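In what follows, a structure is listed as structure tokens, so that the remarks can point back to it.
Values reported hereafter were calculated over all heavy atoms of this structure, with side chains retained and with hydrogens, waters and symmetry mates removed. Chain identifiers are assigned alphabetically (A, B, ...) following the order of the sequence lines, protein sequences preceding nucleic acid strands; residue numbering begins at 1 within each chain. On a predicted model such as this, the values are computed, not experimentally measured, just so you know.
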Protein chains: 2
Amino acid sequence: MTRFRLTVEYDGRPFMGWQRQAHGPSVQQAIEEAVQAITHEEVTLHAAGRTDAGVHALAMTAHVDVERPITPFRLADGINAKLRPLPVAILSAEIAAEDFHARFSCIGRRYLYRISNRRAPLALDAGRAWRVPVPLDAEAMDEAAQLLVGRHDFTTFRSAHCQAESPVKTLDRLAVRRIGDMIEIAAAARSFLHHQVRSMVGCLELVGRGKWTKADLKAALDARDRAALGFNAPPDGLFFVAALYPAP
Amino acid sequence: MTRFRLTVEYDGRPFMGWQRQAHGPSVQQAIEEAVQAITHEEVTLHAAGRTDAGVHALAMTAHVDVERPITPFRLADGINAKLRPLPVAILSAEIAAEDFHARFSCIGRRYLYRISNRRAPLALDAGRAWRVPVPLDAEAMDEAAQLLVGRHDFTTFRSAHCQAESPVKTLDRLAVRRIGDMIEIAAAARSFLHHQVRSMVGCLELVGRGKWTKADLKAALDARDRAALGFNAPPDGLFFVAALYPAP
């Protein structure tokens, strides 16, 4: 048995999300079926993050165990050939330690959220950004974002379906910057609650348009109540950027 | 009669190109029909560049004449509403001088060509970059590109369907740079021959993979013969970036 670590890029639009679902296509299922077609083995893929429907990944880390001898290079090429024409690509495959676990060994996760702050519809970024037509103050958003950095009870920013044991998480970084019409929000933490990034972005958007002050954001955090949430940003703008692991 | 200057973004994938075609959808036709639906006037759109099938635009400039009184703001919003769900967006509309002509007043055109230099298929950049799996030497490509800068007879880099009167053009800039896996080629000139950018990129790719030397590229240019062309790069990676006009 060999454990392979895979780095995966995908466009989330055609999928119900990362995780296998009874009622629709998932990235996990697509890759598992590709591996099975090559190895003729029943396999289960584990990932650093289980992204929602419509959420993308620049470099998701996953692992899979394979009995049949195969090189990482041939495995990656084989999966990619089977995945065609789905917008999922194995960027790299490597042999991992037997105790490596894409989800449980992960010590850091990074997300990027893109807001296209313009009036015109998105022709080139359709499905890849959240379009907000009213002008947003990115500096005010960045300032408010710093209130969320650190160790907090993020119940306000947690989906009702969240399976995490505790709502207390440490947010390492939440940085907002404007590049022309695009506002990029970078988030980093050991782990996130379900919908946490989209919930935080939704509230920051309210700050950006002047509907919420910093104090409103602080009050929402302190309320520890989902009902205090301003808004859940749509999945389109969210990208899983990277999973971090201890050096071997 | 009011002349409107439009700035247009589009994803070229669903279109036969900018220009109206008898046998398939075009960006020009899509926008003309949107304007006609709003104004009930027969209109003709003129553009700075007539991009080929599959070529994209970040900001194409076009103009159109409208009899009915309408503000630029309402015209842009109206066209965008009619264009839905096509991947074409009017980024801005403004009233232009009566003698402004998107094509004939244009004094500079800028293109960007994106090569994704990696083995894995493109999940997020499918249709938006040319994937080249063998490693390319971007510095060698940039050095060779400088041979093409300046005033030359570009017959070698001209499509058989090119309608330009002369194959002599002045290329102002051709710059190649690598950003991670992506190689970006920026081209600027007053005007380009049909297929010129894709033809130049195709030859630079041969230089990048070591199949051609600088001398081979020079010989191809000097041959002034389409048969000396190395390769025509696919449309996927090509973006019309901007059209320049004299200050009013």
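- Annotation for A:Arg118: atom CZ counts as buried by contact number, over 12 foreign heavy atoms lying within 6.0 Å.
- Shown here is A:Arg5, whose CZ atom has more than 12 heavy atoms of other residues, nucleotides or ligands within 6.0 Å.
- No side-chain heavy atom of B:Arg119 sits under 4.5 Å from any side-chain heavy atom of A:Asn80.
- Counting heavy-atom neighbours within 6.0 Å of A:Glu139 CD, excluding the residue itself, gives a total of 12 or less.
- Residues A:Tyr10 and B:Leu124 are not in side-chain contact: their nearest non-hydrogen atoms beyond the backbone lie 4.5 Å or more apart.
- Considering every non-hydrogen atom in both A:Glu9 and B:Pro121, the closest pair reads OE2-O, 4.3 Å.
- In this structure, the portion of A:Ala57 lying under 4.5 Å from any heavy atom of chain B is its backbone and not its side chain.
- For B:Arg177, the CZ atom is loosely surrounded, since the number of other residues' heavy atoms within 6.0 Å does not exceed 12.
- Between B:Ala123 and A:Pro87, the closest heavy-atom pair is CB-O, 3.3 Å.
- For chain A, no part of B:Asp181 is nearby; none of its heavy atoms comes within less than 4.5 Å.
- Of the atoms belonging to B:Ala81, not a single heavy atom falls under 4.5 Å from chain A.
- Looking at B:Leu122, the atoms closer than 4.5 Å to chain A (heavy atoms on both sides) all sit in the backbone: N, CA, C or O.
- Nearest heavy-atom pair across A:Ala120 and B:Ile90 is CB-O, 3.3 Å.
- Counting non-hydrogen atoms of other residues, nucleotides and ligands closer than 6.0 Å to CZ of A:Phe231 gives a total of 12 or fewer.
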